[in-house]
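Below is one structure, written out as structure tokens; the observations come after it.
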Number of protein chains: 2
Amino acid sequence: MRRSKKERQERLNQTIRENPFVTDEELAQEFGVSVQTIRLDRMELSIPELRERIKYVAEKNMQDEVRSLPIEEVIGDIIDIELDKSAISIFDVKKEHVFKRNGIARGHHLFAQANSLAVAVINDEMALTGKADIRFTQPVKENSRVIAKAKVIRSQKGRTIVEVSSFVGSDLVFRGEFSMFRAPSAEKEEIDETRN
Amino acid sequence: MRRSKKERQERLNQTIRENPFVTDEELAQEFGVSVQTIRLDRMELSIPELRERIKYVAEKNMQDEVRSLPIEEVIGDIIDIELDKSAISIFDVKKEHVFKRNGIARGHHLFAQANSLAVAVINDEMALTGKADIRFTQPVKENSRVIAKAKVIRSQKGRTIVEVSSFVGSDLVFRGEFSMFRAPSAEKEEIDETRN
DNA sequence: TCCGATATTAGGACTAGGTACTAAAAAACA
DNA sequence: TGTTTTTTAGTACCTAGTCCTAATATCGGA
């Protein structure tokens, strides 16, 4: 026994967490014990076998991939929409949205939610943001749920003013007035069929 | 032969790309051929076996994890900075930044670059955006390189005005005036040691 | 120092999801 | 029809395990 079972198991746990791609064989060598001991340890700690671990990491990746695309398309989930009138979306602030130093949401995420909603509410093929006057009225912390409400203020020949107010609970955290225009429909590029 | 080897192999390729977690057994059933045929197909198409595929996806994930954080932290690459005076960053517009419909960059990416730069230029522990007045003066297309220039206009007791102008070539595409304040340093939360 | 408990190691049988190879059967074509 | 291509079948082997039994080691206390 090198330094008691307990210590080995703790280090084992950490080692695997750091590098999930390590085999029992390699672990046995690293800790100077037999493969069987490693297997017993894994059982006691309920750490799955290598292949399961790899699979888990891979699956997590796939989930992220499908998750990140729609998030890119529309930031936040639209829960209600009345075209050319109003729309509501929710956006959950996770750790990837905040400054690491203080846990406050980075401004551009709140902007993205609001801007995205302003685009979505417009009942037209294309909408582009022309101007925006925005205010971050209160810092938003990690794990908050931000509710953005967009309202179309007026609309006249290709220009639409949308006002978006975002709340956490009953606190106003963001307000913006977006001046959108229905895009000059810039020449659409051919879809490149040569790429994979 | 269901519809020639070629067609099966094409569909095989696509199926695996869509779901890398599929076994030869399952593929054989889906295409109504034997497992051996599937294996031959995989060889001819040099598609690795299930475990290799899963491993690849998992590894990609690990790479992304270390890569995605810094990218999240500063949008665009800062190429020059003089704290409390000015800063310049470049941001390449890729296909994930544009509207699929017309290839025009989504506003919030330009905003993110500018806002990010405004935060970076401030020589203080924390900076938060309070207000912003922004203008998208020209649509930016895929594959453009956007150069953002930030200039500190004035600074007085915890409030700093930063002006950011972004260009594609010599064309002004975005302009914003950001009113930043040095954060009220919202109470830092304990790091939750209970979670895994 | 011996006893019993705990910890470790060894070994065998079995598993999934393959590779690599040989050989035979089936289908396509000319 | 014969030849070529394609498909299938079967064997031995591999990795990285599981599950189980049995034999040793090692430790701590009476």
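Owing to the predicted nature of the structure, the values given are computational and were not obtained by experimental measurement. Atoms considered below: every heavy atom in the structure, side chains included; atoms not considered: hydrogens, waters and symmetry mates. A, B, ... follow the sequence lines: proteins, then strands. Residue 1 opens every chain.
Under the salt bridge (charged side-chain N to carboxylate O under 4.0 Å, His left out) criterion, B:Arg135 pairs with B:Asp133, sequence neighbours left out. For A:Lys85, the salt bridge (charged side-chain N to carboxylate O under 4.0 Å, His left out) partners at least two apart in sequence or on another chain are A:Glu82. Take B:Glu25 and apply the salt bridge (charged side-chain N to carboxylate O under 4.0 Å, His left out) test, not counting sequence neighbours, and it matches no residue. With sequence neighbours left out, B:Arg42 forms a salt bridge (charged side-chain N to carboxylate O under 4.0 Å, His left out) with B:Asp24.
Between the NZ atom of A:Lys5 and the P atom of C:dA7 there is a distance of 4 Å, rounded to whole Å. Rounded to a whole Å, the CZ atom of B:Arg51 is 9 Å from the P atom of D:dA16. Put simply, CZ on B:Arg42 is 13 Å from C1' on C:dA20, counting in whole angstrom units. Look at CD on B:Glu52: it is 13 Å from C1' on D:dA16, rounded to the nearest Å. Between B:Ile54 atom CD1 and D:dT15 atom P the separation is 19 Å, expressed in whole Å. Put simply, CG on B:Leu50 is 13 Å from P on C:dA16, counting in whole angstrom units. Rounding to whole angstrom units, CD of residue A:Glu49 and P of C:dG17 are separated by 11 Å. Following rounding to the nearest Å, A:Leu27 (CG) and C:dT9 (C1') show an atom-to-atom distance of 17 Å.
Screening residues 168-180 of chain B for side-chain hydrogen bond (donor to acceptor under 3.5 Å, both in side chains), with sequence neighbours left out, gives B:Arg159-B:Ser179, B:Glu163-B:Arg175.
A salt bridge links B:Glu44 to B:Lys5: at least one charged side-chain nitrogen sits closer than 4.0 Å to a carboxylate oxygen. In summary, A:Glu10 and A:Lys6 do not engage in a salt bridge, as defined by a charged side-chain N under 4.0 Å from a carboxylate O.
B:Leu172 forms part of a hydrophobic cluster together with B:Phe167, judged by ILVMFWY side-chain heavy-atom separations under 4.5 Å. Hydrophobic cluster membership of B:Ile153, counting Ile, Leu, Val, Met, Phe, Trp and Tyr whose side-chain heavy atoms lie under 4.5 Å apart directly or via other members: B:Ile161.
For B:Met43, whose side chain is taken as the heavy atoms from C-beta onward, the closest listed nucleotide among C:dA20, C:dG18, D:dC19 is C:dA20.
The base of C:dT19 lies outside donor-acceptor range of the side chain of B:Arg39, with no N or O pair under 3.5 Å.
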Is there any protein nitrogen or oxygen under 3.5 Å from a nitrogen or oxygen in nucleotides 8-11 of chain D, and what are the pairs?
from   : atom 1 : to      : atom 2 : distance (Å)
D:dT8  : OP2    : B:Ser34 : N      : 2.8
D:dT8  : OP2    : B:Ser34 : OG     : 3.0
D:dT8  : OP2    : B:Thr37 : OG1    : 2.3
D:dT8  : O5'    : B:Ser34 : OG     : 3.4
D:dG10 : N7     : B:Gln36 : NE2    : 3.4

Which protein N or O atoms sit under 3.5 Å from an N or O of nucleotides 21-25 of chain D?
none

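Take the nearest nucleotide of DNA chain C for B:Ile47 and for A:Glu44: the residue whose nucleotide is more 5' is A:Glu44.
Within 4.0 Å of A:Arg53, counting heavy atoms only, lies no atom of the nucleic acid at all.
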